[in-house]
There are 2 protein chains.
Amino acid sequence: MDDHRLFHLFRRLDIRDTLSADEKQALAEAAGNTVQYSAGSDMSSEGDSPDRSQLLIGGMAARYNRVESGDRQITAFHIAGDFVDLHGFLLARLDHGVSAVTDVTVVEFPHVNLTAVTERFPHLTRLLWLSTLLDGAIHRQWLVAMGRLSALSHMAHLFCEHYLRADTVALAAGMSFPFNITQEQLADALGLSTVHVNRTIQELRRLGLISWDGRTVTIHDWERLQQVGQFDPTFLDLTRSPR
Amino acid sequence: MDDHRLFHLFRRLDIRDTLSADEKQALAEAAGNTVQYSAGSDMSSEGDSPDRSQLLIGGMAARYNRVESGDRQITAFHIAGDFVDLHGFLLARLDHGVSAVTDVTVVEFPHVNLTAVTERFPHLTRLLWLSTLLDGAIHRQWLVAMGRLSALSHMAHLFCEHYLRADTVALAAGMSFPFNITQEQLADALGLSTVHVNRTIQELRRLGLISWDGRTVTIHDWERLQQVGQFDPTFLDLTRSPR
DNA sequence: CGCCACTTTGAAACAGTTCAACGTCAGTGG
DNA sequence: CCACTGACGTTGAACTGTTTCAAAGTGGCG
């Protein structure tokens with residue numbers, strides 16, 4: 001009955017609005033296969049026209065674009081409960097690749113099923129729409145951080161964001177959350193060189209704000225980390241209200 | 001019958017899919033007041049919880065965020081046919097301000113009317129959703145350009161994007177389009193200083209790629225401008241297909 | 001005509017990059 | 001069980017794209 005694969009998704013939506021039992025069931029019925037990807041593999045490629053969207057239920061994924069120099073820019077990180085490409089439901093072609101940062105498990109949602117959901121469940125449709133709007137809000141914060149904050153602030157901002165997002169889907173433990181990526185991948189997300197990312201992490205550590213062993217980030221001073229990152233959680237829209 | 005105020009919106013949607021007469025009428029009925037803002041004024045402020053969304057039908061608007069240093073980052077420019085804050089329909093609070101770059105005219109869509117549309121017109125709902133997804137796709141390209149392209153490429157990319165967007169809503173004339181903003185505003189969008197924006201424009205002019213008198217941009221070499229900006233129009237999703 | 005906002009220029013300073021080398025550690029195979 | 005490997009992290013030093021500061025030029029408008 002209850003599709004445990006959707007636990008994190010339900011949690012993420014439940015925090016913003018109330019899902020009815022019917023709606024939960026409709027989502028469960030729209031869900032298709034479970035698929036695994038191993039770390040480093042591509043889950044979608046730029047230019048694909050997928051006929052299904054992928055809900056991440058375990059591990060971490062990144063959307064990225066490549067530029068001519070060979071450099072890569074990561075435009076989003078995804079954790080359990082996130083659709084990595086729900087926008088692919090309505091966009092004809094994917095404008096980015098998606099890669100598995102760690103080993104990853106996804107549940108596929110065929111677009112025909114999503115269309116059926118939108119035909120019968122307007123409120124649920126609005127919640128799925130909301131889900132993509134949250135992605136957009138995060139993009140905007142990344143733009144602000146990239147354009148107008150120092151490397152140190154930008155990185156602090158990213159850690160704040162990820163702590164709250166992990167916490168929302170019950171992946172945080174105390175002030176720690178899984179962040180199993182390389183410094184190179186972090187550099188690609190921040191738009192910095194790996195060398196500078198390394199130095200910036202050291203600075204955050206030296207300031208006593210965080211520690212990170214490559215797998216788990218622990219925040220030692222949440223208040224000051226937010227200050228350094230000029231972080232205001234409003235954009236994550238973490239309040240329950242009817243949509 | 002036919003609400004001429006929605007001309008640019010219909011055009012923008014029509015390019016991606018087919019709108020039925022019923023759907024057009026539903027949108028026309030959902031439309032409310034026409035409102036004007038003069039250049040420089042704020043159309044919404046960060047933290048607002050608006051009860052309506054604003055469809056731009058004339059002029060140019062920008063979404064922006066401020067950081068502690070007082071610097072501003074513009075995260076989107078909007079022209080006729082764009083909703084400047086359709087995401088505000090489902091997001092509880094606006095995570096940015098919206099300012100009128102030029103004198104601006106908008107049509108307000110009360111959120112109650114939008115909710116009613118989503119309850120009765122699933123396909124039209126998907127098109128409105130698509131509209132916000134296009135914003136997201138543009139955000140992603142801005143992130144890539146900001147993180148991994150030079151100032152020159154970034155600026156070239158922006159001009160390519162705006163030319164095509166203007167063309168879609170019949171605002172381009174030949175290879176020219178209205179771009180009535182200051183270099184400071186452009187700097188805030190590119191995440192650069194005004195001084196460097198000035199020098200970068202001069203470089204684009206010197207290369208014979210564009211001219212710009214502060215009001216209208218003319219592209220002199222579309223091919224090379226795209227090359228310099230590493231511009232691929234895929235992300236604008238300019239093909240008609242059922243959604 | 002004169003003002004004010006905007007653009008342009010030059011020079012010094014700086015944040016972040018690049019290049020090249022070295023350190024570390026987990027996994028692998030002999 | 002230990003030497004080897006390869007990926008990842010760390011360090012130093014030179015370099016560069018962009019910023020900052022300060023001043024001068026331009027032009028539309030009241």
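Taking a 4.0 Å limit (strictly below) on heavy-atom distances, residues 58-74 of chain A does not reach DNA chain D anywhere. Remark: B:G191, B:L192, B:S193, B:V195, B:H196, B:R199 in residues 186-204 of chain B come within less than 4.0 Å of DNA chain D through at least one heavy atom.
The residue among B:R148 and B:T182 whose nearest nucleotide of DNA chain C is located toward the 5' end is B:T182. Of the residues near DNA chain C, A:L149 and A:R215, the one whose nearest nucleotide (by heavy atom distance) lies more toward the 5' end is A:L149.
For B:Q185 and B:Y64, the side-chain atoms include no donor-acceptor pair closer than 3.5 Å. Residues A:S131 and A:R12 have side chains that bring a donor and an acceptor to within less than 3.5 angstrom of each other. Counted by atom type alone, B:T75 and A:Q141 present zero donor-acceptor pairs between their side chains at under 3.5 Å. For the 3.5 Å distance criterion, the side chains of A:Q226 and A:Y163 fail to qualify, holding no donor opposite an acceptor. Between the side chains of A:Q36 and A:T105, at least one donor N or O lies within less than 3.5 Å of an accepting N or O. Defined by atom type and a distance below 3.5 Å, a donor-acceptor pair is present between the side-chain atoms of A:R5 and A:T34. Counted by atom type alone, B:Q183 and B:N198 present one or more donor-acceptor pairs between their side chains at under 3.5 Å.
Close to C:dT8, at under 4.0 Å from its OP1 or OP2, lies a side-chain N or O of B:Q183. Taking only side-chain nitrogens and oxygens, B:R205 comes nearer than 4.0 Å to OP1 or OP2 of C:dT8.
Between atom CZ of residue A:R93 and atom CG of residue B:D232 there is a gap of 9.5 Å, rounded to the nearest 0.5 Å.
Within a 6.0 Å sphere centred on CD of B:Q202, heavy atoms belonging to other residues, nucleotides or ligands number more than 12.
A perpendicular orientation is assigned to the rings of A:W212 and A:F159, their planes being inclined by more than 60° (bins at 30° and 60°). Taking the six-membered ring where the residue is Trp, A:H96 and A:H87 present tilted rings, their angle falling between 30° and 60°.
The C1' atoms of five pairs define one axis at each end of the helix from C:dC1-D:dG30 to C:dG30-D:dC1, and these two axes lie 30° apart (to 10°).
The salt bridge (Lys or Arg N to Asp or Glu O under 4.0 Å) analysis of residues 40-62 of chain B, with sequence neighbours excluded, yields the pairs B:R52-B:E108.
Straight-line distance from the CE atom of A:M146 to the C1' atom of C:dG16: 13 Å, rounded to whole Å. If you take CD of B:Q185 and P of C:dC6, they are 8 Å apart, rounded to a whole angstrom.
Put simply, chain B comes within 4.0 Å of DNA chain D, heavy atom to any atom, from D:dT18 to D:dC21, going 5' to 3'.
Screening B:R66, B:R63, B:R72 against B:D188 for a salt bridge (Lys or Arg N to Asp or Glu O under 4.0 Å) leaves a single residue, B:R72. For the side chain to side chain contact (heavy atoms under 4.5 Å, CB included) criterion with B:L55, the lone passing option out of B:L6, B:D85, B:V106 is B:L6.
Taking the side chain as every heavy atom from C-beta outward, A:W222 and A:C160 approach each other to under 4.5 Å.
A salt bridge between B:E161 and B:R165 is present, with a side-chain N of the basic residue lying under 4.0 Å from a carboxylate O of the acidic one.
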What N/O pairs connect the protein and nucleotides 22-24 of chain C at under 3.5 Å? Give each pair on its own line.
none

